[in-house]
Amino acid sequence: MPELPEVETIARNLRRGTNSAPSLIGQTIQKARLLWSRTLAEPDADTFQGLLPGQKVVEIGRRAKFLTITLSESILVFHLRMSGDLRVEPSESPLAKHDRMALDFQSGWRLGFNDTRKFGRVWLLNDTNSLFAALGLEPDDPELTPKRFHEILQQRKRAIKPLLLDQHFIAGLGNIYTDEALFSAGIHPLRSSETLDQEDAAKLLEAIRSTLARGIEANGASIDWVYRGGSFQNNFQVYQQTGNPCPRCGQPINKTTVGQRGTHFCPNCQPLTGE
DNA sequence: ACGAGCGCCTGTCGGC
DNA sequence: TGCCGACAGGCGCTCG
């Protein structure tokens, strides 16, 4: 499910609290329960469950699509992959159907990692250096200037959509926001990266940033049973709009496959050739 | 370096 | 109604 805006929204809710649950900051873990063993990437289950009790939540953050919970002595990292979610509920309420891990706090609240498809992963680490070492820059990193973006696009010779999805190139984009940003910039998903000139690169970087910002403002996107609370799905221009009129030119939106991912675009506003 | 194919999982939807 | 394949917001791996 979640891409950068959804993970960011979840991190903010855990940090600030919501109408229905308090902030986790400052709370002390009483007990950790691993409910599906493969969900835990590192360390082993006994170590994990042994190390967590007594640790206090210091800080909650995000890097790419990873959500980080800094504890007094370790750092807990989540990747939600396709169907993961983090929920704060009263400890006495029953576990939800697809809960894979649960942290009970002394306060009587519980953090549940719910993940229908079991692709999500959890790490308990001393630091995130090696886990995050190969990640690309955050889209909003000031070091990522239009000039720098153009340069790294020139260094590659790869279809732009799979390149944007590559977390080593730039971190945080997924299938929805990539399709939306490419539409916003008027760039065909199969366009080869090195063919983008400075103007194209600047336009694309701006499109990525504004699309992600609008996603965050909408608290992310909610689709089907996966992830609740966001409304960005009401603002999709091309994603899941196959056959609908393009909001810019009225031609029907196309769907194809690029890099084995469903890909939505306007063939008129995002021409492959002619430039 | 790049892209295709596949595995990992459960659930939903459309077609027959 | 039931079955069956396609598909789903991710990513790591192998292979050519």
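What you see is a predicted model; the values in this text were computed from it and never measured. Within every chain, numbering begins at 1; the chains are lettered A, B, ... in the order of the sequence lines, protein sequences first and strands thereafter.
Counting any heavy atom pair closer than 4.0 Å across all strands shown, A:Ser192 reaches no nucleic acid atom. Residue contacts shown for A:Lys161 are absent, as no nucleic acid heavy atom lies under 4.0 Å away.
The phosphate of B:dC8 has neither OP1 nor OP2 within less than 4.0 Å of any side-chain N or O from A:Arg38. Within the 4.0 Å cut-off from OP1 or OP2 of C:dG9, not a single side-chain nitrogen or oxygen of A:Tyr177 is found. Neither OP1 nor OP2 of C:dG10 sits under 4.0 Å from any side-chain N or O of A:His79. OP1 or OP2 of B:dG11 has not a single side-chain nitrogen or oxygen of A:Lys118 nearer than 4.0 Å. Of the side-chain N and O atoms in A:Lys65, one or more sit less than 4.0 angstrom from OP1 or OP2 of C:dC11.
Here the straight-line distance linking atom OG1 of A:Thr178 with atom CD1 of A:Ile160 works out to 9.5 Å at 0.5 Å rounding. Going from atom CG of A:Asp140 over to atom CZ of A:Arg209 covers 7.0 Å, rounded to the nearest 0.5 Å.
Between the CG atom of A:Asp179 and the C1' atom of C:dG10 there is a distance of 15 Å, given to the nearest Å. The distance between atom CG of A:Leu80 and atom C1' of B:dC9, rounded to the nearest whole Å, is 15 Å. Rounding to whole angstrom units, CZ of residue A:Phe66 and C1' of C:dG9 are separated by 16 Å. Summarising the geometry, the separation between CE on A:Met82 and P on C:dG9 is reported as 5 Å, rounded to the nearest angstrom. Between the C1' atom of C:dC13 and the CZ atom of A:Phe119 lies a distance of 14 Å, rounded to the nearest Å. The interatomic distance linking A:Arg261 (CZ) with B:dG5 (P) rounds to 15 Å, in whole Å. The separation between A:Gln260 atom CD and C:dA8 atom C1' is 15 Å, rounded to whole Å. Nucleotide C:dG10 holds its C1' atom 12 Å from the CG atom of A:Asp166, rounded to whole Å.
A cation-pi geometry, defined here as NZ or CZ lying under 6.0 Å from the six-membered ring centre and within 45° of its normal, holds between A:Arg248 and A:Phe183.
Taking atom P on both nucleotides, B:dC9 is separated from C:dC3 by 25 Å, rounded to a whole Å. Nucleotides B:dC2 and C:dG9 have their C1' atoms positioned 24 Å apart, rounded to a whole Å. Distance check on atom P: B:dG5 versus C:dA6 gives 14 Å, rounded to whole Å.
For A:Arg156 and B:dA1, a side-chain-to-base donor-acceptor distance below 3.5 Å is absent, hydrogens and geometry of angles not being considered. For A:Gln167 and C:dG10, a side-chain-to-base donor-acceptor distance below 3.5 Å is absent, hydrogens and geometry of angles not being considered.
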(message) For a salt bridge (charged side-chain N to carboxylate O under 4.0 Å, His left out) check, start with the C-alpha distance between A:Arg62 and A:Glu138, then their side-chain angles and the critical distance, and finish with the verdict.
(response) CA-CA 10 Å; A:Arg62 178 193 61 75; A:Glu138 290 289 315; 2.9 Å; yes
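No option in A:Phe66, A:Phe48, A:Phe132, A:Phe78 other than A:Phe66 meets the ring-ring contact (aromatic ring centres under 6.0 Å, His included) test with A:Trp123.
Nucleotide C:dG9 is matched to nothing when pairs are restricted to Watson-Crick or G-U wobble geometry with both distances under 3.5 angstrom. Nucleotide B:dC9 forms a pair with no other nucleotide shown, judged by Watson-Crick or G-U wobble geometry with both contacts under 3.5 Å.
Classification of A:Glu6 and A:Lys65 as a salt-bridged pair fails, no side-chain N sitting under 4.0 Å from a carboxylate O.
Residues A:Arg117 and A:His168 both approach DNA chain C. Their nearest nucleotides, taken by heavy-atom distance, put A:Arg117 toward the 5′ side.
If you check B:dG3, C:dC7, C:dG9 against the side chain of A:Pro162, the one that comes closest is B:dG3. The nucleotide whose nearest atom lies closest to any side-chain atom of A:Ile176 is, among C:dG10, B:dC2, C:dG9, C:dG9.
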